[in-house]
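Following: one structure in structure tokens, then a few remarks.
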Protein chains: 2
Amino acid sequence: MKLKEFAKQVGLSPTTVSRALSGYPEVSETTRARVAEAAVRLGYSPNVNAVRLKTGRAGAIGVVMGRAGEFHFAEFMAGMAERLVAEETDILVIPMADPNQEDEMQLYRRLVESRRVDAIIVHSPKPNDERIALLHELGMPFLVHGRSAIDVPHAWLDIDNETAIKRATSHLIDLGHRRIAMINGRPGATYALHRDSGFRKALQSHGIEPDPQMMASGNFTDELGFRFARSFLEQPNPPTAFVAGSMMTALGVYRAARSLGLQIGRDVSVIAHDDVFPYLTADNMVPSLSATRSSMRAAGTRCADLVLQLLSGRSPLEIHELWPVELILRESTGPARQSTS
Amino acid sequence: MKLKEFAKQVGLSPTTVSRALSGYPEVSETTRARVAEAAVRLGYSPNVNAVRLKTGRAGAIGVVMGRAGEFHFAEFMAGMAERLVAEETDILVIPMADPNQEDEMQLYRRLVESRRVDAIIVHSPKPNDERIALLHELGMPFLVHGRSAIDVPHAWLDIDNETAIKRATSHLIDLGHRRIAMINGRPGATYALHRDSGFRKALQSHGIEPDPQMMASGNFTDELGFRFARSFLEQPNPPTAFVAGSMMTALGVYRAARSLGLQIGRDVSVIAHDDVFPYLTADNMVPSLSATRSSMRAAGTRCADLVLQLLSGRSPLEIHELWPVELILRESTGPARQSTS
DNA sequence: TCTAAAATTGAAAACGGTTTGGCTATTTGT
DNA sequence: ACAAATAGCCAAACCGTTTTCAATTTTAGA
């Protein structure tokens, strides 16, 4: 059913019908009601592609998905979905071919030029992120999930990784731990740098020298958690506590400790960052996992909200949100045992 | 840069330029080359919305995302992305408001009518799935990931859940287990029914009566895995083996067994279904987890491929793929211990 | 009651491409 | 050498809306 045909059925011009449905003020209330009723009855809905062509709006916000198949991703998108379901906006997932730098820029450029999305959400930015510079230059509205130090105005939402990890680390120090290992995320990303910084600051303020032998970084997988933890624990002077980057990493750390006969919370303490997944909860681990916690889903919802604000004209300069992170202490952290050496 | 302007620059008519870029045969090779070069040089690319309006193609395939934030989802999409990155097609994620039946139908109906997608992938169908009937009725191309018994022609790709679970269960029986618990997925979905069926058939062919006290189903979370396993193990006549629906469920089962001082692989055997996640691998668990395995990512890639075939005219009736599932035995399964009763 | 202003409605021009049908030059076949 | 076929290109119609601008009807003011 096309507008023209529908308009004829209702006995009005396409113009008026269009206005009635789009809620313009210059159409009488009675007419609007009549049109609305007829639309439902006859099952008319405007052709999206025509609307988009005419208005220039794409009705979608874009998210570029890397190859790594991050488990955070689904949760973030579920959050976005929660907000977007009420709007006439959907999520466009753009597959990224290779982690190749140049290709990625090309991808963003094409994405912008193709006008398939009204805005883009950029994930895990680096301090000097080319994508941000590019999007700004191209005039595409975008929001950064995470932070960048780049000297280009942009909207962002981030969690306070530095403070979170600083508090977590300080807490371990307060418990008497002096040899603390750190398993961080992908090197290069700002969030990893912030966590590193929080970690170092906590140590420093207690006069402890960070030991590069006990600091590692990589993808958030149980495998890496295990490998790193295991290798650290097998060192001559092993750590008594771990700060882990994710729930999966924590699973690996638990496994490593167990495999060496160490009891978590007594022989070794662990704090991890928890993005709050419905399928894997820190509280349920054995022993329950102390964690810095911030809901990925909530972030997705809020990011969607902010993007919508951006699209309705709010300045990117006003959109900066730094979310505090909870520190939830459970059984995986305990006082440091006396050194046996 | 618009077509008209670009055509003028190249010194050709819009018609010829359009044809040259779209690869129509009635344009000479030299002209085509010239146009292609100029397009790159001048940075011309057709307005997607105009193309879509004219051709009626949306250039996207739709996936409806439920609220549950399934962790499989991201992996499946990553797989799709692998295939789609080469095409001019992207993934449209449609947020689903409520798990409300009527609303979901309404959502699909609107999605089809809005012409935002060229095809839809339907997940976790039920034996008599209304969505399939609806999409068929509306004439929207779609592919079902999973299976349905509904009497409507449709393309599908599924893994052989029944055989997988049957083999897994049979293997446990061969090891001497007689009391085997089953923790299945969301009731209602065909895959869960197939698994149930495989489970029962294995028992039956060995003359074992399934015990409803040791069968449960629900979301794939570690929490439910733990709860069910724990309650089963605390029964007067506890199971000696578990068939678990997912990796997360298995984590919960491991936890439950440990919490009761039972050793996995010796006191209790566990087999789970593994969708192959990069961040949580069965091989790395302690003890390593025996599993029925099938790559979710590969399924995503193949589904994308099949949808593209569907769109280029292949009949849905020809598209039926049933993938075999590997059974990988590791340390979590072992011979049943003699009953202590 | 009559006119100016306000409230409604419509006709037609975009939006930016693709594609039908027609029109010239070339080839090709005999 | 000539008719028929083929290549290569273009003008114009069309896809289904939104929106400008103008026309018409009501309402308000004097």
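Below, read A as the first sequence line, B as the second, and so on, with proteins coming before strands; counting in each chain starts at 1.
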Provide a list of protein-nucleic acid N or O atom pairs under 3.5 angstrom, restricted to nucleotides 25-28 of chain C.
none

Atom pairs, N/O to N/O, protein against nucleotides 8-10 of chain C, distance under 3.5 Å?
residue, atom, partner, partner atom, Å
C:dT9, OP1, A:Thr31, OG1, 3.0
C:dT9, OP2, A:Ser28, N, 3.4
C:dT9, OP2, A:Thr31, OG1, 3.3
C:dG10, OP2, A:Ser13, N, 2.8
C:dG10, OP2, A:Ser13, OG, 3.0
C:dG10, OP2, A:Thr16, OG1, 3.0
C:dG10, O6, A:Arg19, NH1, 3.0
C:dG10, O6, A:Arg19, NH2, 2.9

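The aromatic ring centroids of B:Phe71 and A:Tyr279 lie less than 6.0 Å from each other.
Between the A:Thr190 side chain and the A:Arg147 main chain, a donor and an acceptor come within less than 3.5 Å of each other.
Between A:Tyr44 and D:dT17, a side-chain N or O to OP1/OP2 separation shorter than 4.0 Å is present. At the phosphate of D:dT19, OP1 or OP2 sits under 4.0 Å from a side-chain N or O atom of A:Tyr24. Close to D:dT18, at under 4.0 Å from its OP1 or OP2, lies a side-chain N or O of A:Ser18.
In this structure, of C:dT18, D:dT18, D:dG16, it is D:dT18 that holds the atom nearest to the side chain of A:Ser22.
Rounding to whole angstrom units, CG of residue B:Leu3 and P of D:dA12 are separated by 16 Å. If you measure from atom NZ of B:Lys8 to atom P of D:dA11, you get 11 Å, rounded to the nearest angstrom. To the nearest angstrom, P of C:dG17 lies 14 Å from NZ of B:Lys54. Put simply, CG on B:Asn47 is 13 Å from C1' on D:dC15, counting in whole angstrom units. For the pair B:Glu113 CD and D:dG16 C1', the interatomic distance rounds to 16 Å; values are reported in whole Å. The nearest whole Å value for the distance from the CG atom in B:Leu53 to the P atom in D:dT18 is 12 Å. To the nearest angstrom, C1' of C:dG17 lies 12 Å from CZ of B:Arg57.
Residues meeting the ring pair (Phe, Tyr, Trp, His ring centres under 6.0 Å) test with A:His136, sequence neighbours left out: none.
Salt-bridge annotation for A:Asp305 and A:Arg302: present, with a side-chain N of the basic residue lying under 4.0 Å from a carboxylate O of the acidic one. With respect to B:Glu29 and B:Arg32, a salt bridge is recorded, a charged nitrogen being found less than 4.0 Å from a carboxylate O. Salt bridge absent: A:Glu130 and A:Lys126 never bring a charged side-chain N and a carboxylate O closer than 4.0 Å.
Between B:His154 and B:Phe142, the ring planes are parallel. Angles under 30° get that label, and only those over 60° would be called perpendicular. Between A:His123 and A:Phe76, the angle of the ring planes goes over 60°, which puts this pair in the perpendicular group of the 30/60° scheme.
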### Message
Run A:Ile319 and A:Leu310 through side-chain contact (heavy atoms from CB on, under 4.5 Å) and show every step you take.
### Response
CA-CA 8 Å; A:Ile319 301 184; A:Leu310 211 53; 3.6 Å; yes
